Amino acid sequence: MATTPPPQTYRVKSFGCQMNVYDGERMAELLGEQGIRPATEGEDADLVVLNTCHIREKAAEKVYSDIGRLKRDDGTVPLIAVAGCVAQAEGEEIMARAPTVRMVVGPQAYHRLPEMLVEAQAGRRVTDTDMPAETKFDVLPRRRRSGPTAFLTVQEGCDKFCTYCVVPYTRGAEISRAYADLIDEAQRLLEAGAKEITLLGQNVNAWSGEDGKGRPVGLDGLIRDLAALPDLARIRYTTSHPNDMTEGLIAAHGEVAKLMPFLHLPVQSGSDRVLKAMNRSHSVASYLAVLDRARTARPDIALSGDFIVGFPGESDAEFEETLSLVESVGYAQCFSFKYSARPGTPAATMDGHVAPEVMDERLRRLQATLGRSQLAFNRASLGKTCEVLVERKGKLPGQWLGKSPWLQSVHFTGEAAVGDLVRVELVEAGPNSIAGRLVQ
Ligand code: SAH
Ligand code: SF4
Ligand code: F3S
């Protein structure tokens with residue numbers, strides 16, 4: 001392959017979870033340090049990074065069509081790097097199937113992109129899916145830019161091995177980033193304009209470390225210390241595992257004013273038999289007990305979850321148990337998915353795969369139930385006056401969009417600016433957003 005001149009412009013496209021969004025931002029910063037600038041809208045980038053997700057079949061297949069679409073009208077292609085979880089899981093396959101891809105880089109190796117780029121420019125195709133001992137966090141550049149809301153990865157990887165899930169294989173074993181590094185990165189984000197920080201991890205509540213005085217701390221300790229930073233207005237965290245919801249973390253919801261009243265706690269199924277087959281290591285009752293304790297600590301807490309319908313062997317009656325669970329919790333919002341068999345996971349070879357049309361019907365019913373729950377939650381918020389963090393302009397003149405403490409999308413018109421915390425009365429509810437009135 002011929003040599004390529006150094007790229008002047010890049011574009012990073014991230015798919016999948018918020019952690020991938022965080023990684024995408026870090027890759028952009030890294031490329032910026034190499035003197036490469038982001039391509040403007042509509043401009044062809046010299047270097048394109050596809051930061052991929054492997055969680056479900058559709059997400060993974062998308063990569064190949066995205067690669068195909070990068071071909072320009074004149075037949076040329078940019079330098080293409082495939083990053084993220086598909087790169088980790090199917091690196092060799094991508095190299096074999098997609099000859100235009102020059103670089104394949106896993107989620108724990110992307111700090112090596114600059115060296116890979118040198119190789120790629122010399123005409124070589126390079127793959128790096130190592131999970132090196134030196135972590136990317138030690139060598140990534142300092143944060144310099146941020147919007148009002150920022151992500152901060154504090155924990156990565158997963159040791160839980162739910163039988164349907166690829167994450168333990170694509171992200172590796174659980175690691176917690178060091179306390180001091182996190183306080184430092186949070187400070188940089190605040191200097192760059194962040195008002196709200198969402199702490200991220202595949203099992204964020206499994207984070208543990210030692211505080212500045214050498215005392216062992218869990219996520220609640222980190223949250224309390226972050227709350228002491230004067231410029232930080234709001235703290236959120238996601239995603240948690242029910243078994244790692246410690247008493248301390250639950251208590252923090254009642255005690256730390258900057259910790260927003262929102263808990264995303266995936267449960268996946270309302271059937272104990274299915275949970276066991278999923279290797280979720282919690283029961284419906286133990287999950288509900290955690291939600292009860294969270295509500296006791298913070299009565300207005302908004303609850304969210306993830307659900308999978310059509311796990312192998314899921315019967316009609318077991319699916320009905322999921323619907324009952326949803327009815328009984330009163331979720332504020334949720335994500336729900338059809339089970340997708342992932343190569344290499346134990347569930348993929350289990351008996352009793354559910355027919356696609358049955359899955360479709362179950363997902364339709366579940367989403368209808370969740371939609372009602374979400375609308376009911378939003379309606380119950382009407383009349384409240386709360387702070388909204390303004391994130392961006394709306395479509396209408398003078399309109400602004402932001403989030404309530406309960407993570408509802410709120411739109412309103414009036415005097416405001418991105419990054420403002422304004423007081424808004426919630427006046428009209430839809431299933432996915434709320435209309436508010438600015439309160440002077
Ligand atoms: N660590 C988090 C989230 C992991 S991925 C947790 O354990 O809750 C996000 C969601 O994707 C999961 O909660 C699950 O609902 C869904 N998911 C994961 N693997 C899946 C699969 N094979 N098929 C369908 N949905 C899946
Ligand atoms: Fe996947 Fe389960 Fe780990 Fe979540 S806890 S990332 S669903 S293996
Ligand atoms: Fe997808 Fe990897 Fe996140 S598989 S959901 S990008 S951890």
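Just so it is clear, the model here is predicted, and its values are computed rather than measured. Index from 1, following the sequence. Just so you know, ligand 1 is whichever comes first in the structure, and atom 1 is the first atom listed for that ligand.
Judged by distance alone, the side chains of Glu156 and Gln108 do bring a donor and an acceptor atom under 3.5 Å apart. Counted by atom type alone, Asp138 and His111 present zero donor-acceptor pairs between their side chains at under 3.5 Å. For the residue pair Glu43 / Thr40, a side-chain donor-acceptor distance below 3.5 Å is found, with atom types taken as modelled. At a cut-off of 3.5 Å, with distance as the only test, a side-chain donor of His54 or Glu90 sits close to an acceptor on the other residue.
What you find for Arg171 and Met131 is that their closest heavy atoms are C-CE, 3.8 Å. Across all non-hydrogen atoms, the minimal contact from Ser281 to His241 is OG-CE1, 3.9 Å.
Between His353 and Tyr339, the angle of the ring planes lies from 30° to 60°, which puts this pair in the tilted group.
Protein nitrogen, oxygen and sulfur atoms, that is N, O or S, within less than 2.8 Å of atom 2 (Fe) of ligand 3 amount to 1.
For atom 2 (Fe) of ligand 2, the set of protein N/O/S atoms nearer than 2.8 Å consists of Cys162 SG, ordered by chain and number.
The shortest N or O to N or O distance between Ser340 and ligand 1 is below 3.5 Å. Taking distance alone, with nitrogen or oxygen atoms compared against 3.5 Å, Gln202 approaches ligand 1 more closely than that limit. At under 3.5 Å, not a single nitrogen or oxygen of Thr239, backbone or side chain, sits near a nitrogen or oxygen of ligand 1.
Counting only heavy atoms of the protein, atom 10 (C) of ligand 1 lies nearest to Asp306 OD2, 3.3 Å. Closest to atom 5 (S) of ligand 1, if we only count protein heavy atoms, is Ile55 CD1, 3.6 Å. With respect to atom 8 (O) of ligand 1, the closest heavy atom belonging to the protein is Pro266 CG, 2.9 Å. Nearest to atom 24 (C) of ligand 1 among the protein's heavy atoms is Lys338 O, 3.3 Å. Distance from atom 15 (O) of ligand 1 to its nearest protein heavy atom, with residue and atom name: Gln268 OE1, 2.7 Å.
We find that Arg224 and Glu255 are joined by a salt bridge, their nearest charged nitrogen and carboxylate oxygen being less than 4.0 Å apart. We find that Arg142 and Glu29 are not joined by a salt bridge, their nearest charged nitrogen and carboxylate oxygen being 4.0 Å or further apart. We find that Lys62 and Asp66 are joined by a salt bridge, their nearest charged nitrogen and carboxylate oxygen being less than 4.0 Å apart.
Between Phe161 and Tyr169, the distance from one ring center to the other falls under 6.0 angstrom.
Close contacts of ligand 1 with Arg56, meaning ligand atoms under 4.0 Å from a residue heavy atom, involve 11 (O), 16 (C), 17 (N), 23 (N), 24 (C), 25 (N), 26 (C). Atoms of ligand 1 found under 4.0 Å from any heavy atom of Arg280 (numbered from 1 in listed order, with element): 7 (O). Within the listing of ligand 3, atoms 7 (S) sit less than 4.0 angstrom from a heavy atom of Gln202.
No option in Phe377, Phe307, Phe262 other than Phe307 meets the ring pair (Phe, Tyr, Trp, His ring centres under 6.0 Å) test with Tyr331.
Judged by distance alone, the side chain of Glu314 and the main-chain N or O of Val309 form no donor-acceptor pair under 3.5 Å.
Scanning Phe307, Tyr164, Tyr339, Phe311 for the heavy atom closest to atom 20 (C) of ligand 1 points to Tyr164.
We find the CG-NZ distance between Leu426 and Lys384 to be 8.0 Å, quoted to the nearest 0.5 Å.
No more than 12 heavy-atom neighbours from other residues, nucleotides or ligands sit within 6.0 angstrom of CZ on Arg379.
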